[in-house]
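Below you'll find the structure, written out as structure tokens, and then a few comments.
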Amino acid sequence: MTPSNEDLEREFERLLRNPLTRRHILKRGAAGVMSASALAYLAACGSDEPAGGNGQKAKGEKPIAKGTIADSLYVANWPAYIDEDHTALKSFQKKNGTKVKYVEEINDNDQFFGKVRQQYQQGSSGGRDIHVVTDWMAARMVRLGYVQKFDKSSMPNANANLIDRLKSPAFDPKREFSMPWQSGMTGIIYRKDKVKSPPRSVADLFNPAYKGKVTMLTEMRDTVGLVTAWQGGNPEKASLDEYKKAIDKVQEGVDSGQIRGFTGNEYIKDIPKGDSWVIFGWSGDAVQLKADNPNVEFVLPESGGMLWTDNMQIPVGAPHAYTAEKFIDYIYEPEVQAPIEAYINYICPVNGTKEVMAKTDPSIAKNPLIFPDKSVFDNTYIFRDLTPEEETELNDAFQKLIGA
């Protein structure tokens, strides 16, 4: 049976036992204390791609050569993005004799890019064998030639078990340079005790009854993507003019006072206080907010929500590239993925995990926020890859909009 928005809302109750998620960590850490202008500045700086370097070389490189499994591996990931016991890392070591150095060193895509860009440009990974970055940054890594091409013949699990919705992103249509770690959704978070009726459309954020109680996100792709879809465009294929039309509409909301501001994770303070009633936000945050206030709900707009993915990639110069490739493939065994999913509670990218969890934790297996069916995925968009010129122009317009 196709889950309704009401079904999705009810499923938040099933997620409340999860005390810590990546977005939850971020809201209490660096991203949580940054102002909107600071986050916007980082985004703008991140679009400044270095000249020279490897350029487009990655697309023409030969796949990673086969070899032997190394005795060590360095994985760079986001905080609290794996189960506390590190079950997959321990089992990989037991199976292959490889000790995994797992470093939670990514707190922001742009910050990480700034940290590694010089090394990557020079063909060094800084010792890293795998990093995990969000779609648009993964696209930049591919475009600049900073990541290696997989030998898909060495990755049978990844080939067989990646869910259909994530198989062909625009930036990597054959998944030759990236494999999903986890995914999530961006939609509408609201206070059901404050609104007259549950919001179902982006139009509700422009309802005069909520003037001054609306916020949108400093993440350009989320805010522009959601509004573009509402205006009838397809965020996966939209033109620059369609994106700018969305910015113009949001500008109207700013000028009228309808929109009180733009936030990163700071909205987690505004919603509980009642300063904001209807906002753009992330499903993971909504889970945590609802844990403290049952009046908080999350819905995907009828016109569609945004789907984002954090991707594993193997950087240039990785000392153990073949081992990294085998580790990525190992993560795509459903039995290996299950403990990660039981803790993270994001959208699972691995087919077969649902069936494993049906035996160990049926409540998670039945959860449409973790295992969405086709109807939910069909109501989401992955923001298309922008050229450097498009990204600069769109970022400039968006920074002006949010007052950065």
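Residues take their numbers from the sequence shown, with the count starting at 1. Quick note: numbers below take in every heavy atom, side chains included, and nothing from hydrogens, waters or symmetry partners.
- A donor atom on one side chain and an acceptor atom on the other are not found under 3.5 Å apart for Gln148 and Glu176.
- A donor-acceptor contact closer than 3.5 angstrom links the side chains of Asn77 and Tyr102.
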Worked verdict on Tyr346 versus Trp282 for ring-ring contact (aromatic ring centres under 6.0 Å, His included): CA-CA 11 Å; Tyr346 279 101; Trp282 295 299; over 10 Å; no

Salt bridge (charged side-chain N to carboxylate O under 4.0 Å, His left out) between Lys269 and Asp275, intermediate numbers included: CA-CA 8 Å; Lys269 301 174 184 176; Asp275 292 341; over 6 Å; no

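- Classification of the Trp181-Tyr81 ring pair by plane angle, with boundaries at 30° and 60°, yields tilted.
- Under a 4.0 Å N-O distance rule, the pair Glu105/Lys115 qualifies as a salt bridge.
- For the 3.5 Å distance criterion, the side chains of Ser375 and Asp373 qualify, holding a donor opposite an acceptor.
- Remark: Phe383 engages Tyr243 in a ring pair (Phe, Tyr, Trp, His ring centres under 6.0 Å) (not counting sequence neighbours).
- We find that Glu236 and Arg165 are joined by a salt bridge, their nearest charged nitrogen and carboxylate oxygen being less than 4.0 Å apart.
- Note that the CH2 atom of Trp277 and the CG atom of Asn207 stand 10.5 Å from one another [nearest 0.5 Å].
- Donor-acceptor pairing under 3.5 Å is lacking for the side chains of Asp71 and Thr98.
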Verdict with supporting geometry, Asp255 and Gln251, side chain to side chain donor-acceptor pair (under 3.5 Å): CA-CA 6 Å; Asp255 293 343; Gln251 184 69 62; 2.9 Å; yes

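- A side-chain donor from one of Ser91 and Tyr330 sits under 3.5 Å from a side-chain acceptor of the other.
- Here the side chain of Glu104 pairs no donor or acceptor atom with the backbone of Ala76 at under 3.5 angstrom.
- Annotation: Lys245, atom NZ; neighbour count of heavy atoms from other residues, nucleotides and ligands within 6.0 Å does not exceed 12.
- The backbone N or O of Ser153 sits less than 3.5 Å from a side-chain atom of Asp151, completing a donor-acceptor pair.
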Steps toward side chain to side chain contact (heavy atoms under 4.5 Å, CB included) verdict (Asn157, Val336): CA-CA 11 Å; Asn157 296 313; Val336 174; over 6 Å; no

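- For the residue pair Tyr146/His131, the side-chain donor-acceptor check at 3.5 Å is not satisfied.
- Side-chain N or O atoms of Thr309 include none that pairs as donor or acceptor with a backbone N or O of Ser183 at under 3.5 Å.
- Closest of all the heavy-atom pairs between Glu242 and Gly233 is OE2-CA, 3.8 Å.
- Counting only distance, with no hydrogens or angles, the side chain of Trp308 and the backbone of Thr134 share no donor-acceptor pair below 3.5 Å.
- Of the possible donor and acceptor atoms, none in the side chain of Gln182 sits under 3.5 Å from a partner among the backbone N and O of Asp310.
- Counting only distance, with no hydrogens or angles, the side chain of Glu390 and the backbone of Thr387 share a donor-acceptor pair below 3.5 Å.
- When the ring pair (Phe, Tyr, Trp, His ring centres under 6.0 Å) test is applied to Tyr322, no partner is found at least two apart in sequence or on another chain.
- Counting all heavy atoms, side chain and backbone alike, Ala365 lies closest to Lys354 at O-CE, 3.1 Å.
- Taking each heavy atom of Gly187 and Leu226 in turn, the nearest pair found is O-CD1, 4.2 Å.
- The closest side-chain heavy-atom distance from Ile163 to Phe377 is below 4.5 Å.
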Val278/Val195 under side chain to side chain contact (heavy atoms under 4.5 Å, CB included): CA gap, chis, key distance, verdict: CA-CA 8 Å; Val278 185; Val195 301; 3.5 Å; yes

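- The minimum heavy-atom distance linking Arg260 with Gly212 is given by the pair CD-O, 3.0 Å.
- Of all non-hydrogen atoms in Glu302 and Asn379, the two that sit nearest each other are O-OD1, 3.3 Å.
- Taking a cutoff of 4.0 Å between a charged side-chain nitrogen and a carboxylate oxygen, Arg221 and Asp135 do not qualify as a salt bridge.
- Interatomic distance, Leu307 CG to Ile347 CD1, rounded to the nearest 0.5 Å: 5.0 Å.
- Judged by distance alone, the side chain of Lys366 and the main-chain N or O of Phe371 form no donor-acceptor pair under 3.5 Å.
- Using a 4.0 Å cut-off between charged nitrogen and carboxylate oxygen, Lys101 and Asp129 do not count as a salt-bridge pair.
- Nearest heavy atoms, Ala238 versus Thr228: CB-CG2, 4.1 Å.
- For the pair Arg175 and Phe150, the NZ or CZ position fails the cation-pi test of under 6.0 Å to the six-membered ring centre and within 45 degrees of the ring normal.
- Here the side chain of Arg128 pairs no donor or acceptor atom with the backbone of Ala318 at under 3.5 angstrom.
- Residue pairs that meet the salt bridge (Lys or Arg N to Asp or Glu O under 4.0 Å) test with at least one member in residues 317-346, sequence neighbours left out, are Lys95-Glu333.
- Distance alone, capped at 3.5 Å, is enough to place a donor-acceptor pair between the Asp172 side chain and the Ser178 backbone.
- The backbone N or O of His86 lies less than 3.5 Å from a partner atom in the side chain of Asp83, making a donor-acceptor pair.
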